[in-house]
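Here the structure comes first, spelled out in structure tokens, and everything after it is commentary.
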Amino acid sequence: MKAQQRITSLLDPNRPLLSVEFFPPKTEEAVARLSESASRLKQFQPDFVSVTYGAGGSTREKSARVCTLMKDQIGLNVMPHFTCVGASREELGQAIDDFHAEGYRNIMALRGDPPKDQTEFQVAPGGFKHASELVAFIRKRQPEICTGVAGYPEKHPEAASFETDLDHLKIKVDAGASFITTQLFFDNQHYYDFVEKTRARGIDLPIIPGLMPALATGQIKRITNMCGSKIPPALESELEKAEADPKAVAEIGSNWAREQLIDLMKNGVPGVHLYALNKAEVALELMKTFRARFA
Ligand SMILES: Cc1cc2nc3c(=O)[nH]c(=O)nc-3n(C[C@H](O)[C@H](O)[C@H](O)COP(=O)(O)OP(=O)(O)OC[C@H]3O[C@@H](n4cnc5c(N)ncnc54)[C@H](O)[C@@H]3O)c2cc1C
């Protein structure tokens, strides 16, 4: 097992972090494929990988299994995601103690999205309403654990305004977060503006941009509809023109992500988090581009 390192201890102004996000697959075959992909990605030395945590606790066991696989078998520094969905404080506390006992030293602390059968987030009996409460809880319960939180360059879809969303981000940061990872975006200007506005609010934590290549038109429209990120008209029209050819679509999406990555690296970001949708080839290409600049 690789010793799990706190992400704060890895941050270096001269060497941005490289991280990749995975989601727990549904089938045994897909878990085997993911394991193989993660082993291949290791050659590009991700500073950490993260594993999503599904709504309603439905994939809790699957998330835990993928985290263990990445940590113990592949030897990666792993940050499990963790949400407030469907759990009381006692249950959350037990899970946090378990993460710590299993060696994890980082948690992505989230409120979570409503489960599929619900339209709005419901607070679980004895649970938390906002991610900020989970951050404060983790800080108190297991102070050794470093917490990442989500930030939204194009505003969280439920927030009344960008300004109130920033107020809430400040609460989350003041509760003890260690760094911010952003929601995906396709126009880097959204990220740069977001960084400027958060700095003006007195938030000085590292803000790691999250990059997701658009690999399939239907999929990316579904994802952006849900998370509120916009597809720039230039990208949308290219994707639509190529719609009948899935390979061409994936190539357009990968090229767009590569251009975003190059621009972000030039502009001195503290790291890059790749939402690679469990697609090794795409992640490998982006990681190669990253490591060509930052060995
Ligand atoms: C990097 C990243 C990883 C993610 N991973 C997962 C995952 O693994 N599993 C999953 O289910 N989802 C995941 N998500 C999605 C996330 O759970 C949703 O975006 C969710 O709707 C909000 O989570 P949050 O942690 O940002 O919540 P919060 O920070 O609680 O914010 C949610 C909403 O409440 C508002 N708010 C916050 N605090 C207050 C307050 N004190 N008073 C009033 N309003 C407030 C905010 O403005 C916002 O509109 C991820 C998102 C990102 C960006």
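Each ligand, and each atom within it, is numbered from 1 in the order the structure gives.
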In ligand 1, which numbered atoms sit nearer than 4.0 Å to a non-hydrogen atom of [X]?
{"X": "T83", "result": "9 (N), 10 (C), 11 (O)"}
{"X": "D113", "result": "11 (O), 15 (C), 17 (O), 18 (C), 20 (C), 21 (O)"}
{"X": "A159", "result": "47 (O), 49 (O)"}
{"X": "Y152", "result": "16 (C), 18 (C), 19 (O), 22 (C), 23 (O), 24 (P), 26 (O)"}
{"X": "T52", "result": "8 (O)"}
{"X": "G112", "result": "11 (O), 17 (O), 20 (C), 21 (O), 23 (O)"}
{"X": "Y53", "result": "7 (C), 8 (O), 9 (N), 10 (C), 11 (O)"}
{"X": "A150", "result": "26 (O), 52 (C), 53 (C)"}

- request: Answer yes or no for K71 and Y104: cation-pi contact, defined as NZ/CZ to six-membered ring centre under 6.0 Å and angle to ring axis within 45°.
  value: yes
If you count every heavy atom of other residues, nucleotides or ligands that lies below 6.0 Å from [X] atom [atom1], does the total exceed 12?
{"X": "K288", "atom1": "NZ", "answer": "no"}
{"X": "K279", "atom1": "NZ", "answer": "no"}
{"X": "R141", "atom1": "CZ", "answer": "yes"}

Verdict with reasoning, N267 to Y192, per side chain to side chain donor-acceptor pair (under 3.5 Å):
CA-CA 9 Å; N267 282 283; Y192 300 132; 3.2 Å; yes
Would you check the N or O atoms of [X], main chain and side chain alike, for any that come under 3.5 Å of an N or O of ligand 1?
{"X": "D165", "result": "yes"}
{"X": "K172", "result": "yes"}
{"X": "T164", "result": "no"}
{"X": "E21", "result": "no"}
{"X": "H156", "result": "yes"}
{"X": "A131", "result": "yes"}
{"X": "T182", "result": "no"}

Is the distance between the ring centroids of H130 and F128 under 6.0 Å?
no
May I ask you to say whether [X] pairs ionically with [Y], meaning some side-chain N is under 4.0 Å from a carboxylate O?
{"X": "R201", "Y": "E196", "value": "no"}
{"X": "E158", "Y": "R111", "value": "yes"}
{"X": "D174", "Y": "K170", "value": "yes"}

Side-chain (R258) to main-chain (L286) donor-acceptor, under 3.5 angstrom | no
Open item on the list: Closer than 3.5 angstrom, by distance alone: can the side chain of D165 be matched with the main-chain N or O of A159 as a donor-acceptor pair?
Closed with: no
Closest to atom 38 (N) of ligand 1 by heavy-atom distance, out of K155, H130, R111, is H130
For ligand 1, is F82 a contact, meaning one of its heavy atoms is under 4.0 Å away? no
Going by the 4.0 angstrom heavy-atom rule, the piece of F23 near ligand 1 is neither
